[in-house]
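Working notes for the structure below.
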Amino acid sequence: MPTPSVARYHPVARALHWVLGLAILGLFAVGLYMTDLPFSPQRLKLYNWHKWAGMVILGLSVLRLLWRWAKRPPALPEAIEAAMPAWQRQAHRLTHLGLYALFFVVPLVGWAYSSAAGFSIVLFGQLPLPDFVPVNPDLAEAIKPWHELSAFALVGLALLHVLGALKHAVIDRDGLLRRML
């Protein structure tokens with residue numbers, strides 16, 4: 001099928017998409033790595049870096065959501081949407097909704113865990129952020145698995161998103177991926 005002309009996302013939306021995508025994957029990898037380290041200055045440094053990087057991602061996610069509200073993304077081209085089965089259109093919508101929700105859930109749950117555990121977040125090692133919840137070791141233990149589970153869910157949805165984009169690029173060859181490149 002010939003590739004139709006597709007409306008592209010705004011350059012700011014594209015930049016936020018790629019920066020957040022790479023940052024989230026990088027932070028996930030660091031999170032996996034640091035949890036297996038023995039207690040050391042290196043582990044403490046990585047935990048602190050992980051926390052402030054999570055807050056930067058949270059801030060960029062707020063910016064991305066505000067940008068999306070202010071500058072609506074282009075609609076799926078009619079020919080592409082018509083060629084997609086209903087379940088794929090639904091998967092497209094639910095994956096994006098889930099990604100946006102988890103952009104906020106993962107860092108907020110991490111912030112709550114850190115606060116409940118009694119370890120404040122110091123942004124860039126300079127700016128202490130207020131505790132999100134009071135110090136409570138029992139609450140920290142209850143929250144901890146939710147940060148990990150939500151992070152895995154975020155990466156899982158991101159992988160599904162990438163696979164969908166690759167399907168459009170390699171199998172459908174419909175030009176949809178050009179919207180974000």
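Keep in mind that what you see is a predicted model, and the values were worked out from it rather than measured.
Aromatic ring centres of H17 and H161 lie closer together than 6.0 Å.
L63 and L58 fall within the same hydrophobic cluster, defined by Ile, Leu, Val, Met, Phe, Trp and Tyr side-chain heavy atoms under 4.5 Å apart, directly or through other members. Hydrophobic clustering of Ile, Leu, Val, Met, Phe, Trp and Tyr side chains at less than 4.5 Å, counting indirect connections, keeps I24 apart from M180. There is no path of hydrophobic side-chain contacts, each under 4.5 Å, that joins F119 to F124.
At least one side-chain heavy atom of T35 sits under 4.5 Å from a side-chain heavy atom of Y47. The shortest distance between side-chain heavy atoms of L66 and W69 falls below 4.5 Å. A heavy-atom distance below 4.5 Å is found between the side chains of F39 and L44. Looking only at side-chain heavy atoms (C-beta outward), F103 and L154 come within less than 4.5 Å of each other. Between L65 and F104, some side-chain heavy-atom pair lies under the 4.5 Å cut-off. No side-chain heavy atom of F152 sits less than 4.5 Å from a side-chain heavy atom of V106. Counting only heavy atoms from C-beta outward, the side chains of V122 and L129 never approach each other to under 4.5 Å. With a 4.5 Å cut-off on side-chain heavy atoms, H10 and W67 count as touching.
Residue L102 holds its CG atom at 11.0 Å from CG of L149, rounded to the nearest 0.5 Å. The CZ atom of R43 sits 7.5 Å away from the CE atom of M34 when rounded to the nearest 0.5 Å. Distance check: L76 CG to R179 CZ gives 5.0 Å after rounding to the nearest 0.5 Å. Note that the OH atom of Y9 and the NZ atom of K71 stand 13.5 Å from one another [nearest 0.5 Å]. Separating the CD atom in E148 from the OH atom in Y113 is a distance of 10.5 Å, to the nearest 0.5 Å.
G118 and V135 make their closest contact through CA-CG2, 3.8 Å (heavy atoms, listed as atom of the first residue, atom of the second, distance).
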